[in-house]
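What follows is one structure encoded as structure tokens, with my remarks underneath.
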Amino acid sequence: MTGIEYDDFLDLGYDPAATELVCEFTIEPADGMSMEAAASRVASESSNGTWAALHVDEDELTDLGAVACGIDGRTVTVAYPTALFEDGSMPQILSCIAGNILGMKAVDSIRLEDCDWPESITSGFPGPQFGPSVAREKLDAGERPVLATVPKPKVGLSTDAHARIGEEAWRGGIDLLKDDENLTDQAFNPFADRLAESLAARDRAQEETGERKDYLVNVTAETTEMLERVDLVAEHGGGFVMVDVITCGWAAVQSVRERCADHGLAIHAHRAMHAAFDRLDHHGVSMRVIAQIARLCGVDHIHTGTAGLGKLANEDTPGINEWLTSDCHGLRPVLPVASGGLHPGVVDQLIDALGTDIIVQAGGGVHGHPDGTHAGAKALRQSVEASMAGTDLETYADDHAELATALEKWGAETPR
């Protein structure tokens, strides 16, 4: 018999089943290609279609065709049968819904905007171990935002300097010291030495302040090495690891999540390289989908943007954060991280925009304080205290010298 044709992948009257993965794409068809034709080719290429007519025995074929079931302007909805996907394999899922279709000649551009994940797929993934509960289970943030900082410059500091700056920040009121995305195991600051010295500094800061502190150490590496680093963090008494989830790949993230479960470690997800997929508004994969994938794979926090208040290009941060904390078939929520160009003068605006269930991570906005890291950490903590109390930052600064100095230096402006 003649096999599947493109028309078999288009049914605008089709109502997706609750068990199907439903994806929303923005499509610009190629010249001379109708939206219907382009949509059917997207559904075909991302499931079981091909460009040539086939002769296939129905007895030897499982029908795994996706259906382009909605067209609204440039928005196309495609429903995928669950049987198309390997259980618990994020790489295989993405090879379907964000694979060859991004390079098809049938479209000038295509962007995966959103996914509606059915329980038949989410049940194959662990989701976060902790999520927002780290604020109270592993730290003493209570109802306020968790505060984090990256020593600056983010690469080049010696191990001793890195740990010393971390201790100053912890003593000033920071909860989490964090490596940046490109600090792993370089000669100027070796991983094992940095881990040991930073956690020793953490212990001193905890004893002095009476607050629980911790360290987001970057374990990103080749997968086997990364798992060994996770083990080392646990051996040294750390409670968190950090992973560059996109550059190391989702299969590696899944492996790290499994190993972290053995040790009770939380995963902080840095999104370095995300803009290669999501910066263009008409092609690639949206940050919303990247965040969804991260939640399924099991990270506890992920950077989602600053709602336009930082130095990086803006995206729909509030909408992404809302999805990360919404119900998803019993998966724990994820704690969103706001980072990139933040300082004490914009914290009140940030909380107004994103709420208090976030991590506020400031690097230059702490260490660039005129009076140094300790004062910068105090100023950031003071800005949060003012915002939580509903007090204007300028008013609160009257009795808090560190915040006053920060406001004098940076005001309420954001860097570019």
Side-chain angles (χ1 to χ4, degrees), residues 86-95 121-134 137-139 146 148 150 176-186 190-192 194-196 198-199 214-274 277 287 289-304 324 328 331-337 339 359 361:
E86 179 182 350
D87 186 51
S89 175
M90 189 54 69
Q92 188 273 335
I93 292 173
L94 291 176
S95 293
I121 289 180
T122 63
S123 61
F125 294 91
Q129 282 193 86
F130 301 98
S133 72
V134 296
E137 287 189 32
K138 288 181 169 285
L139 303 166
V146 174
V150 174
L176 292 170
L177 181 67
K178 175 188 163 306
D179 290 344
D180 221 338
E181 73 281 357
N182 53 350
L183 178 62
T184 53
D185 185 29
Q186 293 99 315
F191 177 86
R194 185 172 75 254
L195 174 66
S198 296
L199 289 178
D214 223 313
Y215 177 29
L216 306 174
V217 59
N218 188 3
V219 300
T220 302
E222 181 277 325
T223 304
T224 300
E225 175 65 28
M226 188 155 50
L227 297 179
E228 291 175 357
R229 291 179 187 177
V230 171
D231 292 340
L232 193 61
V233 172
E235 289 174 16
H236 280 77
F240 297 77
V241 300
M242 184 187 117
V243 179
D244 295 333
V245 292
I246 297 174
T247 59
C248 80
W250 297 111
V253 175
Q254 291 185 256
S255 296
V256 169
R257 169 63 174 84
E258 184 175 356
R259 185 63 61 89
C260 283
D262 294 339
H263 298 302
L265 302 180
I267 300 173
H268 182 94
H270 196 291
R271 60 178 182 165
M273 199 179 173
H274 76 98
F277 302 95
M287 183 60 211
V289 172
I290 292 171
Q292 292 170 357
I293 295 164
R295 183 180 182 184
L296 267 63
C297 290
V299 310
D300 295 287
H301 341 131
I302 187 170
H303 295 242
T304 60
L324 286 173
C328 185
L331 294 182
R332 288 187 179 90
V334 175
L335 184 60
V337 182
S339 66
I359 294 177
Q361 191 242 289

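Computed from a predicted structure; not experimentally measured.
- Between K178 and D180 a salt bridge is recorded (basic side-chain N to carboxylate O distance below 4.0 Å).
- Of the possible polar contacts, none joining the H236 side chain to the G238 backbone as a donor-acceptor pair under 3.5 Å is found.
- Aromatic ring orientation, H268 versus H301: perpendicular (interplanar angle above 60°, classes split at 30° and 60°).
- Contact annotation: the side chain of D179 approaches that of Y215 to within less than 4.5 Å [non-hydrogen atoms, C-beta and beyond].
- The two residues D300 and A266 have their closest heavy-atom pair at OD2-CA, 3.2 Å.
- Minimum heavy-atom separation, M226 to C248: CE-SG, 4.1 Å.
- Residue I267 holds its CD1 atom at 12.5 Å from CE of M242, rounded to the nearest 0.5 Å.
- Within 6.0 Å of CD on E258 lie no more than 12 heavy atoms contributed by other residues, nucleotides or ligands.
- Summarising the geometry of R229 relative to T220, their closest heavy-atom pair is NH1-O, 3.1 Å, with the distance given to 0.1 Å.
- Note that OG1 of T304 and CD1 of I290 are 12.0 Å apart. Values are rounded to the nearest 0.5 Å.
- In this structure the side chain of R257 reaches within 4.5 angstrom of the side chain of Q129, judged on heavy atoms.
- The CG atom of L265 lies 9.5 Å from the CZ atom of F240; values are rounded to the nearest 0.5 Å.
- Residues V299 and R271 are not in side-chain contact: their nearest non-hydrogen atoms beyond the backbone lie 4.5 Å or more apart.
- A distance of 11.0 Å separates OG in S89 from CD1 in I121, rounded to the nearest 0.5 Å.
- Atom SG of C328 and atom CZ of R295 lie 5.0 Å apart (nearest 0.5 Å).
- Of the possible polar contacts, one joining the D185 side chain to the F191 backbone as a donor-acceptor pair under 3.5 Å is found.
- Remark: L232 CG to L227 CG distance equals 12.5 Å, nearest 0.5 Å.
- Within the 4.5 Å cutoff, the side chain of F277 has heavy atoms near those of the I246 side chain.
- The closest donor-acceptor contact from the side chain of R332 to the backbone of G298 lies at 3.5 Å or more, if one exists at all.
- Contact of the V245 side chain with the W250 side chain is registered, since non-hydrogen atoms from C-beta on lie closer than 4.5 Å.
- Nearest heavy atom pair, residue N218 against residue E181, reads ND2-O, 3.2 Å.
- When every heavy atom of V334 is checked against every heavy atom of P128, the shortest pair comes out as CG2-CG, 3.7 Å.
- A pairwise comparison of heavy atoms in L139 and D214 identifies CD2-N, 4.2 Å as the closest pair.
- Within the 4.5 Å cutoff, the side chain of L296 has heavy atoms near those of the M90 side chain.
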